[in-house]
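Here is the structure we will look at.
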Amino acid sequence: MSLVSSRAAFEKAVTDAVTAADNTVSMVYDNVRFTTPGKNKKYVIMSVTYNQTTIQTHGASSDFYVGVVQCSIYTPKSAGTSTFSAIGESIIDGLTSVNASDYTDTFSCKPRVLEVSGPIPLEIEDRSHFIGLVSCQFSAIA
C-alpha cells in the first residue's frame with residue numbers, strides 16, 4: 001500500500017459517484033494543477049490530508065493511514081440550492097461506497113470512512129459561486 005493508492009481509492013470512489021449523478025460537474029484534485037472554471041460551471045475540489053501514516057505494533061511499524069477527505073462544492077450563485085444538495089449527496093454516496101460489503105478494493109488499501117459532515121454551505125460574499133463543504137475522516141491499512 002502507498003499514499004498514492006489510498007488517495008486514488010477515495011478520489012475514484014467520489015469521482016465515479018459525482019460523474020454518474022451529473023457528468024457536467026468537473027472534479028479538481030488538490031494534487032493536480034487546474035484553472036478555475038468559469039462562473040457558470042459546477043465543480044468540486046477534492047483534497048486528501050494525512051494525519052497519521054504508521055501504527056507502532058510490536059516490532060516494526062505498519063502502514064496505517066488516517067486523515068481527512070474534504071470536498072468543496074462550487075455551484076453558480078443565485079441558482080438555488082438543489083444543485084448544491086444533489087452534488088453533496090453524490091459525494092456522500094461516493095465516500096460511503098468504500099464501506100459497502102460489495103466494494104471491490106482495486107487499490108489494495110482497505111479504505112474506510114467514518115461519519116460524513118455536510119454538505120455545509122459557506123457564506124462568502126464576493127465569490128462567483130455558492131460554496132459548500134463535505135468532509136469525513138478516513139482510514140486505510142496495508
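Bear in mind that the values here come from a model prediction, so they are computed numbers and not experimental data.
- Between the CZ atom in Phe138 and the CG atom in Asn51 there is a gap of 7.5 Å [rounded to 0.5 Å].
- Put simply, the side chain of Phe107 reaches to within 4.5 Å of the side chain of Lys12, judged on heavy atoms.
- Placement of Val32 and Val4 in two distinct hydrophobic clusters is found when ILVMFWY residues are connected by side-chain heavy-atom separations under 4.5 Å, directly or transitively.
- Using a 4.5 Å cut-off on side-chain heavy atoms (C-beta onward), Val69 and Val113 make no contact.
- Distance CD/Gln137 to OG/Ser117: 8.5 Å, rounded to 0.5 Å.
- Looking at Val116 and Val134, their side chains come closer than 4.5 Å, going by heavy atoms from C-beta outward.
- Tracing side-chain contacts under 4.5 Å through hydrophobic residues (I, L, V, M, F, W, Y), one reaches Val28 starting from Leu122; they form part of the same cluster.
- Contact annotation: the side chain of Ser139 never approaches that of Tyr65 to less than 4.5 Å [non-hydrogen atoms, C-beta and beyond].
- Centroid-to-centroid, the aromatic rings of Phe84 and Tyr74 stay 6.0 Å apart or farther.
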Derivation of the side-chain contact (heavy atoms from CB on, under 4.5 Å) call for Lys110 and Val98
CA-CA 8 Å; Lys110 299 181 185 109; Val98 302; over 6 Å; no

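- Of all heavy-atom pairs between His129 and Lys41, the closest is NE2-O, 2.8 Å.
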Atom pairs and distances, side-chain donor-acceptor, residues 87-95, under 3.5 Å, sequence neighbours left out:
residue: Ser90; atom: OG; partner: Ile87; partner atom: O; Å: 2.8

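- No continuous path of hydrophobic side-chain contacts links Ile131 to Leu133 [ILVMFWY only; heavy atoms under 4.5 Å].
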Show the numbers, then the answer: is there a salt bridge (Lys or Arg N to Asp or Glu O under 4.0 Å) between Asp105 and Arg112?
CA-CA 11 Å; Asp105 185 12; Arg112 294 287 178 262; over 6 Å; no

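- When atom types are taken as modelled, the side chain of Ser5 and the backbone of Ser2 share a donor-acceptor pair closer than 3.5 angstrom.
- More than 12 heavy atoms of other residues, nucleotides or ligands shown are found within 6.0 angstrom of NZ on Lys77.
- For the side-chain hydrogen bond (donor to acceptor under 3.5 Å, both in side chains) criterion with Lys42, the lone passing option out of Thr83, Asp22, Thr75 is Asp22.
- Shown here for Ala9 and Tyr103, the closest heavy-atom pair between the two residues is CB-OH, 4.0 Å.
- Taking a 6.0 Å sphere around CD of Gln70, one finds it holds more than 12 heavy atoms contributed by other residues, nucleotides or ligands.
- Residues Asp30 and Arg7 are in side-chain contact: their nearest non-hydrogen atoms beyond the backbone lie under 4.5 Å apart.
- When all heavy atoms of Pro111 and Asn99 are compared, the closest pair comes out as O-OD1, 4.3 Å.
- Cluster annotation: Tyr50 and Tyr29 are assigned to the same hydrophobic cluster (Ile/Leu/Val/Met/Phe/Trp/Tyr, side-chain heavy-atom contacts under 4.5 Å, transitive).
- You'll find the side chain of Ile45 stays beyond 4.5 Å of the side chain of Cys71, heavy atoms only.
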